[in-house]
Amino acid sequence: MKQILHTVILLSLWSHGYSQSTSFKNQKKMKLNAGIVTQKLAETKAFYTKNLDFGLTFENEFYLLMHTPDKEAEISFLLPNHPSQQPLFHKPFQGQGMYLTIEVDDVDALYQTLKKKGVQIKIELRDEPWGDRHFAIEDPNGIGIDIVKYKAPGP
């Protein structure tokens with residue numbers, strides 16, 4: 001499963017014309033890490049490690065940084081109202097208006113694995129008219145996770 005799971009977080013600044021901008025022209029690398037402010041650090045850690053085989057990059061009493069099995073992408077979780085953080089990062093996520101997409105090589109196999117583990121499937125495995133095959137689950141914070149096998153680009 002470690003080889004098939006790959007989180008898709010596409011930051012396509014270059015394709016949107018920002019490469020002409022002075023502030024982005026000299027950037028050699030840009031990495032995106034989504035962060036969620038939540039009280040549920042333990043539940044979140046258990047969910048991502050047991051169900052999606054994420055690894056632990058860093059952890060302390062108020063912060064959790066996890067990575068996909070191939071270590072290509074990370075996601076972080078932070079306790080709300082922590083005194084080490086600025087007020088901008090104090091308010092907890094309210095459980096709506098956010099989703100994650102995880103692209104995998106074998107969506108059918110992961111679907112079956114998660115069903116066997118008893119993970120509640122929020123959107124059953126399905127094929128979309130544009131060719132994607134996917135299903136969705138929800139993490140302990142109310143974040144929808146769309147697990148997808150994208151249609152190979154072609155003519």
Side-chain angles (χ1 to χ4, degrees), residues 1-16 18 21 23-24 27-107 109-126 128 130 132-150:
M1 186 164 137
K2 287 186 178 189
Q3 274 64 35
I4 67 167
L5 189 61
H6 181 171
T7 300
V8 177
I9 302 176
L10 296 175
L11 185 58
S12 58
L13 293 171
W14 311 124
S15 66
H16 287 89
Y18 290 108
S21 170
S23 62
F24 291 104
Q27 296 295 323
K28 293 185 185 337
K29 182 178 181 181
M30 186 177 284
K31 184 177 177 183
L32 177 65
N33 168 336
I36 292 91
V37 181
T38 178
Q39 284 286 357
K40 300 178 180 179
L41 291 185
E43 299 96 318
T44 299
K45 178 181 174 183
F47 177 86
Y48 283 91
T49 57
K50 291 177 185 174
N51 297 316
L52 298 172
D53 208 20
F54 276 40
L56 191 59
T57 303
F58 178 81
E59 177 181 29
N60 64 22
E61 67 277 359
F62 64 90
Y63 181 77
L64 178 63
L65 179 62
M66 304 190 78
H67 59 262
T68 55
D70 59 9
K71 299 182 180 179
E72 289 292 318
E74 293 177 314
I75 188 167
S76 60
F77 300 91
L78 176 68
L79 279 178
N81 302 308
H82 198 272
S84 69
Q85 302 301 306
Q86 295 297 313
L88 178 63
F89 305 111
H90 279 207
K91 293 180 183 175
F93 175 67
Q94 298 299 313
Q96 56 186 344
M98 180 179 182
Y99 68 92
L100 301 173
T101 300
I102 299 177
E103 181 182 359
V104 297
D105 293 327
D106 190 344
V107 71
L110 186 53
Y111 174 81
Q112 291 302 325
T113 298
L114 292 177
K115 281 191 74 103
K116 287 178 187 170
K117 288 182 176 186
V119 175
Q120 184 180 10
I121 306 297
K122 294 293 192 171
I123 298 173
E124 289 296 324
L125 186 62
R126 57 188 279 164
E128 297 295 354
W130 53 89
D132 295 349
R133 185 162 174 79
H134 71 116
F135 68 96
I137 59 176
E138 187 175 63
D139 88 350
N141 305 293
I143 298 169
I145 302 173
D146 189 32
I147 302 176
V148 64
K149 169 67 176 165
Y150 290 120

Quick check: do [X] and [Y] have side-chain heavy atoms less than 4.5 Å from each other?
X    : Y    : value
Q112 : L125 : no
L65  : E59  : no
L78  : T38  : no
I145 : Y99  : no
L114 : I147 : yes
I143 : F93  : yes
M66  : T49  : yes
F54  : I102 : yes

Calculate, to the nearest 0.5 Å, the distance between atoms [atom1] and [atom2] belonging to [X] and [Y] respectively.
X    : Y    : atom1 : atom2 : value
H67  : T57  : NE2   : OG1   : 4.5 Å
S76  : L41  : OG    : CG    : 10.5 Å
H134 : L110 : NE2   : CG    : 14.0 Å

Check your understanding: Hey, are E43 and K45 close enough for a salt bridge, meaning a charged N less than 4.0 Å from a carboxylate O?
Key -> no

Practice item. Ignoring hydrogens and angles, tell me if any N or O in the side chain of Q94 forms a donor-acceptor pair with the backbone of P92 under 3.5 Å. Key: yes

Exercise for review: Please check if atom CD in Q86 has more than 12 non-hydrogen atoms from other residues, nucleotides or ligands closer than 6.0 Å.
Suggested key: no

Check your understanding: Above 12 or not: heavy atoms from other molecules or residues under 6.0 Å from CD of Q96?
Key -> no

Practice item. Please report the C-alpha distance between M98 and I36 in whole Å, then the side-chain angles of each, then the deciding distance to 0.1 Å, and finally whether the side-chain contact (heavy atoms from CB on, under 4.5 Å) criterion is met. Key: CA-CA 10 Å; M98 180 179 182; I36 292 91; 3.6 Å; yes

Check your understanding: Hey, are T44 and D139 close enough side-chain-wise for a donor-acceptor pair under 3.5 Å?
Key -> no

Practice item. Could you walk me through whether Y150 and V104 pass the side-chain contact (heavy atoms from CB on, under 4.5 Å) test, one step at a time? Key: CA-CA 8 Å; Y150 290 120; V104 297; over 6 Å; no

Practice item. Would you please indicate if the ring centroids of F77 and Y48 are separated by under 6.0 Å? Key: yes

Exercise for review: Tell me, with the steps shown, if L79 and Y63 meet side-chain contact (heavy atoms from CB on, under 4.5 Å).
Suggested key: CA-CA 6 Å; L79 279 178; Y63 181 77; over 6 Å; no

Practice item. Identify the heavy atoms of I121 and I123 that sit nearest to each other, and give their distance. Key: CG2-O, 3.2 Å

Exercise for review: Test side-chain contact (heavy atoms from CB on, under 4.5 Å) on F47 and I137 and set out the steps.
Suggested key: CA-CA 11 Å; F47 177 86; I137 59 176; 3.8 Å; yes

Exercise for review: Let me see the working for R126 and E124 under salt bridge (Lys or Arg N to Asp or Glu O under 4.0 Å), right down to the final yes or no.
Suggested key: CA-CA 6 Å; R126 57 188 279 164; E124 289 296 324; over 6 Å; no

Exercise for review: Could you check Q85 against H90 for side-chain hydrogen bond (donor to acceptor under 3.5 Å, both in side chains), going step by step and ending with a plain yes or no?
Suggested key: CA-CA 7 Å; Q85 302 301 306; H90 279 207; over 6 Å; no

